[in-house]
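Single-structure report; data block below.
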Amino acid sequence: MKIRSAVLYSVLRLLAFLVPLGIMMLFPIFREMYWIALLFAALIGISLSVIFLRRPLDDVSQGLAERRAQRAEKPQTAAQHDTEIEDAANDAARESSTEQPDA
């Protein structure tokens with residue numbers, strides 16, 4: 001994931017919340033009832049991010065998906081490899097014991 005795209009998206013989301021909040025706090029009614037200003041700023045921020053921040057969100061999402069795919073393709077550790085070998089040997093031993101007739 002590109003750290004630049006994640007930082008850019010985060011900063012833009014914060015600005016989409018803080019700028020409307022700052023403007024609303026200039027009005028006396030919102031200074032007295034700050035929770036209404038917070039609520040409206042959150043709604044405005046969500047709306048702005050849905051409308052205008054689609055591309056930065058896609059960049060961040062794509063970077064996260066690529067990072068997850070790289071982790072899935074990562075080679076196994078020695079312990080995981082040993083566990084798989086032991087499991088295969090146990091399965092082979094069980095199959096051979098069930099195939100042999102009891103004497």
Side-chain angles (χ1 to χ4, degrees):
M1 177 176 70
K2 296 179 183 176
I3 193 74
R4 181 184 176 276
S5 61
V7 170
L8 176 68
Y9 181 70
S10 299
V11 168
L12 290 174
R13 283 290 304 257
L14 281 172
L15 286 174
F17 173 74
L18 292 175
V19 170
L21 180 64
I23 292 170
M24 283 187 279
M25 292 307 285
L26 295 174
F27 298 106
I29 187 71
F30 289 120
R31 280 189 226 142
E32 293 174 13
M33 300 178 144
Y34 66 91
W35 60 274
I36 294 176
L38 289 172
L39 181 66
F40 285 155
L43 292 174
I44 292 169
I46 290 171
S47 300
L48 290 175
S49 66
V50 166
I51 294 170
F52 294 112
L53 299 181
R54 178 71 57 191
R55 183 170 290 156
L57 177 62
D58 289 342
D59 292 342
V60 171
S61 300
Q62 184 179 10
L64 288 172
E66 290 171 359
R67 188 173 178 185
R68 181 173 283 175
Q70 287 175 354
R71 283 188 181 174
E73 295 172 1
K74 205 178 220 184
Q76 294 179 345
T77 63
Q80 291 171 337
H81 185 67
D82 289 344
T83 303
E84 286 186 7
I85 292 173
E86 289 173 0
D87 290 344
N90 286 338
D91 291 341
R94 284 187 197 124
E95 288 176 6
S96 65
S97 67
T98 57
E99 289 176 1
Q100 295 177 355
D102 291 332

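- Judged as a side-chain contact (heavy atoms from CB on, under 4.5 Å), and not counting sequence neighbours, the contacts of Leu15 are Val11, Val19.
- Looking at every heavy atom in both residues, Ala93 comes nearest to Ser96 through O-OG, 2.9 Å.
- Evaluation of the salt bridge (charged side-chain N to carboxylate O under 4.0 Å, His left out) rule for Asp91 yields Arg94 as partners, not counting sequence neighbours.
- Placement of Phe30 and Leu26 in two distinct hydrophobic clusters is found when ILVMFWY residues are connected by side-chain heavy-atom separations under 4.5 Å, directly or transitively.
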N/O donor to acceptor pairs below 3.5 angstrom from side-chain atoms of residues 34-57, sequence neighbours left out:
residue, atom, partner, partner atom, Å
Ser47, OG, Leu43, O, 2.9
Ser49, OG, Gly45, O, 3.2
Ser49, OG, Ile46, O, 2.9

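- Residues Arg31 and Met25 approach most closely at NE-O, 3.0 Å, considering heavy atoms.
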